[in-house]
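Numbers restart at 1 for each chain; the letters A, B, ... are given by sequence-line order, proteins then strands.
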Amino acid sequence: MSNEPIIRVRNLHKWYSGVHALKGVDLDFHRGETVGLVGDNGAGKSTLINILSGTQAPTEGEIFFEGKKVRFKGPADAMEAGIETIYQYNSMVPTMSIARNMFIGREPLKWSVGGIGILDTKKMAAESVQAIADVDLHLRSPDALVGELSGGQRQGVAIARAMHFKSKVMILDEPTNHLAVKETQKVLGFVKSLKELGIPGIFISHNIHHVMECSDRIVAMARGEVVLDKRVDDTSMDEILDVL
Amino acid sequence: MSNEPIIRVRNLHKWYSGVHALKGVDLDFHRGETVGLVGDNGAGKSTLINILSGTQAPTEGEIFFEGKKVRFKGPADAMEAGIETIYQYNSMVPTMSIARNMFIGREPLKWSVGGIGILDTKKMAAESVQAIADVDLHLRSPDALVGELSGGQRQGVAIARAMHFKSKVMILDEPTNHLAVKETQKVLGFVKSLKELGIPGIFISHNIHHVMECSDRIVAMARGEVVLDKRVDDTSMDEILDVL
Amino acid sequence: MKRFLKIYLEKPELAGVAFLLLLTVVFQARSGGVFLSAANLQGILGLLPEVALVAVGVTLLMICGEFDLSVGSVFALTPMAMAVTLEAGWPFLPAFALGLCVALLVGLVNGVLTVRFAIPSFITTLGMLFVARSITVVISGGFPPLLPNGAFPKWLFVAYVGPGDMFRMSFLWFVAIAVLVTLLLSRTNFGNWVRATGGFLPAAESMGIPTKRVKVACFMICSLLAGFAGSLQVMRLGAPLPSIGEGLELQAVAAAVIGGTALTGGIGTIFGGIIGATLIRVIDNGLVLSQVDANWFKMVLGALTVFAVILNAWLRRKAKSIKVETGK
Amino acid sequence: MKRFLKIYLEKPELAGVAFLLLLTVVFQARSGGVFLSAANLQGILGLLPEVALVAVGVTLLMICGEFDLSVGSVFALTPMAMAVTLEAGWPFLPAFALGLCVALLVGLVNGVLTVRFAIPSFITTLGMLFVARSITVVISGGFPPLLPNGAFPKWLFVAYVGPGDMFRMSFLWFVAIAVLVTLLLSRTNFGNWVRATGGFLPAAESMGIPTKRVKVACFMICSLLAGFAGSLQVMRLGAPLPSIGEGLELQAVAAAVIGGTALTGGIGTIFGGIIGATLIRVIDNGLVLSQVDANWFKMVLGALTVFAVILNAWLRRKAKSIKVETGK
Amino acid sequence: EGPMNIVFTHHSSASNPFWQAVKKGFDDACAKIEANCQMIFTQTEGAIDQQAANMMAALAGNPDALLTSIVDNNAFDDIIQRAVDNGVITMAVNVDDTEGADGNARASFVGQGFIPAGYSLGKKMSEFFPAEGPIKAVVGISAPGQNWSEQRGAGVMQFLEEFKAANPDREVEIVRLDTGTDGAVVAERVGAYLNANPDTTAYFDTGLWHAYVAQVLADRGVEPGTVLMGGFDIVAEVLQQMEAGYIQVQVDQQPYMQGFIPVMQAYLAHTVNLSPADVDTGQGIVLAEDVPALWDLAKQGLR
Ligand SMILES: Nc1ncnc2c1ncn2[C@@H]1O[C@H](COP(=O)(O)OP(=O)(O)OP(=O)(O)O)[C@@H](O)[C@H]1O
Ligand SMILES: Nc1ncnc2c1ncn2[C@@H]1O[C@H](COP(=O)(O)OP(=O)(O)OP(=O)(O)O)[C@@H](O)[C@H]1O
Ligand SMILES: [Mg+2]
Ligand SMILES: [Mg+2]
């Protein structure tokens, strides 16, 4: 049972209009294992994790989640199944406050009828302040608009949210972009801590040092195909740089 | 004459609604010198360079360019003066092709009347292909829409553009974000090459290694103020990490 | 004090309130005191709830990032459906319910077509503007039926209430609904979803919000309010003309924008929409009292509308440049 | 072949062309062959240049990211200004030039207000819709002046030309202008700026494009074309009516959207706008010929408009899912 | 030979009850002669350019007869001339060229012009004016710039000016308001005006929206007849308000007849070559005492 991969990807293809972005990807993600996903720009990393998180539909191929074949119709399905994602782009609503952004789609409610109810704004403010402090970010107030934050502050809020809502699987697409030194360390610490919590993770980064530091296994992609899939202990920085 | 700074900033203040983002910044940028600008998230780095490149207006303070006091009304003014900038965000039009994005505002014309004329599309295509190849980026065609590129590809195009239009001063706001290993090396190489070309540069990054590698001088900011301003040779990684 | 000023002036709807007060003073003077007379206020307060309800719905939908040009037609269709069934002998409640169901259905169709085929709601609802108006004419058979006297509970919808008969019941309905929608938008998770959907659709989607359903719901609320508003008007005036509500769509959008709602979605408040609608009504009424000649009427109306928005933008900019750390 | 199909179907305006062909066949059958008769085509081609010119301007402006609701009013104001001065004894050329200058001025005011105060053009031009219409009525004095016979060169603007008198001169003007604007948009640096400004304003600005001036220029071109189109119509009909062009604003926007222009700016083609305008005219004309009952007319019109856009979206999606590496 | 093809184009939209009555007369008449008939409305009220386009489209189908309102002296001249040249029986209905047969190639005119109608409304109303004291008349222009509204208003004002000239000793004030074409808005605007100017003698509407003004006055408890009111066309609400005494004079052009008669004339012209003749569908002044008789007709859509 514990040997069965939590996510199994078989023969995954993705066609954008005129671009064959994934060309038959086969991958297994195991419980309690953090996979570092590396690859050239445009290799298809984001495409792969977008499919896993339900934001895009595969053109062909199958995904098994906990052994069952799944077909996510949207991010909501994937989140329901327990996949939490930090996207490379597009993860914040700039016209809304930090506190609201933290909880979009998962608002704490004072009471509700049929899923719709009154927001518990106090709890939202308190928890978001806490979550942001947890990533060492200094923000003025949870009521500031995300659109008025600096690049790194915005990324920090996205990280804080994902850390707050830990889930069965964590996917992080270049989470340390825009982040300052301290915050980057926090994020790397978080990724490492996933293993202790038994949460499998997929960590995309162009910084091979970071990837080697945090992952158990490294998967390298190039032009829509997996070109290397080894445990960190079985490979070396040079081998990875070589295939890229 | 050669001792006079190319850009002199005096007592620069910037108020966003409710936020005092720059609190009296004094800085000199000299000819032939690359300055590494580091600082925490939200320290005010982007704000500072946005003012230098004309996208934002300072609330208070003065800027001297080549000794003359200037007041940029918009990015066009700054570009005219010779300041070329790669922004942290917002530098591409996603609905337009790579070739067109490369040349927006500086289109090569077959002939023109009063500044308006017929595009030399062949030249645009050829030069953009060349410029992109120069940053080691593999792109399908110069006609692909920027909005359909991967994060790194997009950043690569922005870099290629800036490298193509070398100017009197180069400002780079976190240019290596989203870039893969090889492309990052290209960019660092480019920053280093600025010195040889005698072009002063301002290089923002959260990767202290990169900054130390490329810059002559390091300026660290925190909470809207300059807290460290030393030549690379006179400081150390630890001192910098200390003030951050 | 400075801080207080800043925070308040930054709210776009409060710039609207300021302009409203200014206009009140001007019109009061120009009309020789008639503008604020009880009878005139009574007149304004009769029509206001109806257009303001439409503005409330349109504002909500615009915050959600969509458009509805068909509100004017629904405004006519709902009461027509009600009147025709009333004339056919149905009791009030089922007839009224039927009317509102028709409105909901129109909203549903608008919403489903828009999100299902991913086409601009501008087009869907422009088509619906024609379709719903056409159905109105068809079911009326061309000749508007009379609302049989006593066929509907006047006391519940249009009777005068309050001191000096200043208000109508419709005003109370309007206030209740406005408060409800305001709370829905600002205090519930649904409201959060609406703002997120209109603010940045890709982010809202990737955060697992059922954006399609949120949009359809907003379309339906918008249509329902327009239909209800139309019914109020018809009950007040006693006869359903198939032509009522023509041009209401642009007026409602204008009200929302004057009140600070962004055409691109995500930004705005219900209160702002109401202020916008009130401004439009007040300008209209004040111009009549100022005896502006027919040919010039529209010019002043148009100019004042633009001026309202300019003032609004200007005040906000001023407020922003006040240097106070708000701690935000 | 597959690749060819893909590339062509992905162009939104070509889906419009396909629908146009389909409709032609349907209407030709339903009208018993009248639809494609010389007389009817002549009729369509008489009116088409006028609305299509307006659509061209509006499409350009929408690609630039702005809206113009005042085109209908300018459509009436320009020829009215011309007619009034003609009646006052001016020769044709100065009168015509004056009319076009008025149109340019309206565009300038629209543009300057919009960019100077950073307010939505929806509001500026909605205000202008009222103001310009009001000025039209005022200068006409309520009653349209007579266009003195022979006061304008019929041969240059509205005379029939071509085999079987199929075309009017206005059609040639339209073709010439359409080609010009198409080239302006696709081949010049100005066109590049327009697309960039509408595509993503912050990027366009930071790249040093004078976005404000670009916008104002587009407003002026849009107004100018509307005014010129209105003049053509008045010269064709021989009477400057103060009421022409009402409702044209929504029709022009609809034409642009049907032709694939995005309401958010940056995306679209002039040809698409023309196809959209043609579709609207053809649907209108075909419905008349198909003897659709008056009360149902609007319903079919609305439904077909929505259907055109749905088909458009569907075809494009199909084209996108064709798996061919286009090397883009 | 097959059934006759008759087309009716005019300047109004489908949500206008007056034209629905014309349509009923038109359809009924067509049923009687078993003709193939089509009435074409415009999308927006008073859109003459659309009407012209509709006429051209309809003529492309080679109808036997074209019935049309001629709301502008020039806009339709060419089109009608060509129709006549092609042998289409062409008649003006409801509104004619102000120059009559001289200004246009149409064969005949059935109906009553806007200006005369306005004039007779004013004239009839003057019988209700108080015998002495100042007169303050408000003319509500429903749609400034549109012929139907401007000309009706002009007719009323023409009479009022004559009245003023004829009574030099009395103070006569005439005000033009933009009242709009939406019942609720008209009610609010005119209601507000009357509020501010309680000394108003009479309100003339160029459409039927004064019925809603009457509603407002009734709501406010203003006695019927305090402000005299009159306007055009008959619908149920107008009759109701006439009975209540708020509306004194209404001009009714007998729309059903305007739809019916021209079809008959066209039929005669087509079958036995009788030339169509002008028909005045009546000054059509309706007063309160006529109302009971009208109810039934109105219900059937005949008036
Ligand atoms: N919406 C789209 N339409 C067309 N092509 C696309 C689209 N999105 C991505 N692509 C293409 O698919 C390929 C894979 O993109 P993807 O974003 O998965 O790359 P990536 O590995 O995440 O790169 P990076 O490291 O730069 O983020 C690229 O060639 C890209 O141009
Ligand atoms: N448009 C804005 N409105 C209000 N506050 C803003 C706005 N833009 C930036 N700020 C604030 O100004 C401060 C400085 O932001 P800036 O973008 O200059 O930081 P930065 O040093 O570039 O940070 P990063 O490394 O994260 O990019 C931050 O506190 C930010 O929240
Ligand atoms: Mg990526
Ligand atoms: Mg920054």
For residues 128-141 of chain C, give me every residue with a non-hydrogen atom less than 4.5 Å from any non-hydrogen atom of chain D. C:F130, C:V131, C:R133, C:S134, C:I135, C:V137, C:V138
Identify the residues of residues 271-289 of chain C whose heavy atoms come closer than 4.5 Å to a heavy atom of chain D, ordered by number, or report 'none'.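 Residues of residues 271-289 of chain C touching chain D at under 4.5 Å: none.
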Looking only at C:I258, C:V309, C:T305, most heavy-atom pairs under 4.5 Å shared with chain D are made by C:V309
Can you tell me how far CH2 of C:W314 sits from CZ of D:R116, rounded to the nearest 0.5 angstrom?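 Answer rounded to 0.5 Å: 11.5 Å.
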Could you give the distance from CG (D:L311) to CZ (C:F117), rounded to the nearest 0.5 Å?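 Between atom CG of D:L311 and atom CZ of C:F117 there are 10.5 Å.
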Considering only distance and modelled atom types, tabulate donor-acceptor pairs under 3.5 Å from the side chains of residues 56-72 of chain D, sequence neighbours left out.
residue	atom	partner	partner atom	Å
D:T59	OG1	D:A55	O	2.6
D:E66	OE1	D:S121	OG	2.5
D:E66	OE2	D:K215	NZ	2.8
D:D68	OD1	D:S70	N	2.7
D:D68	OD1	D:S70	OG	2.6
D:S70	OG	D:N110	ND2	3.1

Can you sort out the partners of D:T114 under side chain to side chain donor-acceptor pair (under 3.5 Å), two or more places apart, ordered by chain and number?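 Residues passing side chain to side chain donor-acceptor pair (under 3.5 Å) with D:T114: D:T124.
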Best-contacting candidate, D:L113, D:T264, D:L263, D:T125, against chain C by heavy atom pairs under 4.5 angstrom: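 Option with the top pair count is D:L263.
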Is D:L126 in contact with chain C via its backbone, its side chain, both, or neither, using a 4.5 Å heavy-atom distance? side chain
Heavy-atom cut-off 4.5 Å, strictly under: side chain, backbone, both or neither for D:W296 against chain C? both
Minimum heavy-atom distance D:V257-C:P120, with the two atoms named: CG1-CG, 3.6 Å
Please give me the minimum heavy-atom distance between C:A313 and D:I119, naming the atom from each residue.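 Minimum heavy-atom separation between C:A313 and D:I119: CB-CG2, 3.8 Å.
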